[in-house]
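Labels below follow one simple rule: chain letters A, B, ... track the order of the sequence lines, proteins then strands, and each chain is numbered from 1. These numbers come from the heavy atoms of this one structure, side chains and all, not from hydrogens, waters or symmetry mates.
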4 protein chains.
Amino acid sequence: MTEEEDGSFDGQNDPDRATGGISAERLRSIIERIERLEEERKALSGDVKDIYTEAKSAGFEVKIIRQLIRLRKQEPAEIEEQETLLDIYRRALGM
Amino acid sequence: MTEEEDGSFDGQNDPDRATGGISAERLRSIIERIERLEEERKALSGDVKDIYTEAKSAGFEVKIIRQLIRLRKQEPAEIEEQETLLDIYRRALGM
Amino acid sequence: MTEEEDGSFDGQNDPDRATGGISAERLRSIIERIERLEEERKALSGDVKDIYTEAKSAGFEVKIIRQLIRLRKQEPAEIEEQETLLDIYRRALGM
Amino acid sequence: MTEEEDGSFDGQNDPDRATGGISAERLRSIIERIERLEEERKALSGDVKDIYTEAKSAGFEVKIIRQLIRLRKQEPAEIEEQETLLDIYRRALGM
DNA sequence: CAAGCCGAGGAAATGC
DNA sequence: GCATTTCCTCGGCTTG
């Protein structure tokens, strides 16, 4: 029985044969696609940063805007829960 | 009445009048644009994750791929850093 | 009223009974110890800063000194990393 | 008057003569003292981390504890101010 | 699936 | 006062 037929004997190391087969190309493709996507991500981060800069120039408080966005992302129940817990801890400390 | 006419007197805290003026719209725009961009970022993260899944299915070691990508990112950065260091020394020596 | 009577029903959140039980003391202890340690850390930061000031007064370029220290820290880390990478490749190749 | 006596005549570039004079030793001393202090700082960070781990094991929410510590560090006026601003922005958005 | 680790992102301190 | 740098926090990933 050949490796090609079932490919299973070597468990997780199948692409080790990359040195001899087509999978080197496959690997290259994988890496390049990932790098491409991460570049795009980075570009978007830059765009976000620019908007914050714009906001600041317009007189807004960046920190508060971040807080707002965070809040909008959270479930109300979650917010409530955290505040409750904070209260409990505060009381435990007599604050 | 224009924004310039009613908004210019309050110095550095212009958008504080957000409660009553046009800047509420500005704020909304800022926030929505940021949220939009972050959604896109998140989508890209998902795409990357999918590729890793694909890689794993194809028998590659995800951990190694990550390491490779990290190295490919690092090397240019290191070159850059060496040049920066050289510059600094040059300046320190007044060259 | 004992801790078991009022606090035990809440499953995984045992210390939620902090309001009524002994864990308030535990919480206080935790917080105070952390605050103490962070004060010490802050003091050390001050010491470091003083040394940089001294260095500057002595005519050294602070920026360069920082860079030197960073490099001295990095080099061992990089050696370590290379070894890690080697290990990973070895495993990937089943060696 | 010698350089050793006042060290001030050549302005900021005094230690450039490090290659030939005593200041190489001075530089070494500076760097080693800083590295020593930073090690201590790092050790304290480790201690803090340990306490958080302990807290977690005891069933406390680390995130909330961090929040508490942050609050205890802040001026009440400061807290108030941020909340006010957050409210203003929220209203502007009709949240 | 839980915990520990690592890296990115956000906040704060500092120097110009 | 703004921009850079440094530090801390948080979330995601990896591992056991």
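- In this structure, the CD1 atom of Ile64(B) is 16 Å from the C1' atom of dC13(F), given to the nearest Å.
- Rounded to whole Å, the distance from CD on Glu38(B) to P on dC10(F) is 17 Å.
- Tyr52(A) carries Arg66(A) over the face of its six-membered ring, with the cationic atom under 6.0 Å from the centre and within 45° of the normal.
- In this structure, CZ in Arg33(A) is found 4.5 Å from CD1 in Ile51(B), a value given to the nearest 0.5 Å.
- When each of Lys56(C) and Gln82(D) is assigned the nucleotide of DNA chain E bearing its nearest heavy atom, the one mapping closer to the 5' terminus is Gln82(D).
- In this model, a donor atom of one side chain and an acceptor atom of the other lie less than 3.5 Å apart for Gln74(B) and Glu78(B).
- Here the C1' atom of nucleotide dT14(F) and the NZ atom of Lys49(B) are 13 Å apart, to the nearest Å.
- A donor atom on one side chain and an acceptor atom on the other are not found under 3.5 Å apart for Arg41(A) and Ser45(A).
- Within residues 66-77 of chain C, the residues having any heavy atom closer than 4.0 Å to DNA chain F are, in order of number, Arg66(C), Arg70(C).
- Lys42(B) places its NZ atom 12 Å from the P atom of dG11(F), with the value rounded to the nearest Å.
- The interatomic distance linking Glu61(A) (CD) with dG1(F) (P) rounds to 13 Å, in whole Å.
- As a whole-Å value, the separation of Arg41(B) CZ from dG10(E) P is 7 Å.
- Taking atom NZ of Lys63(B) as the reference point, atom P of dT15(F) lies 4 Å away to the nearest angstrom.
- Atom CZ of Arg72(D) sits in a crowded spot, with more than 12 heavy atoms from other residues, nucleotides or ligands closer than 6.0 Å.
- Atom CG in Leu44(A) sits 9.5 Å away from atom CZ in Arg36(B) (nearest 0.5 Å).
- Put simply, CG on Asp87(C) is 18 Å from P on dT14(F), counting in whole angstrom units.
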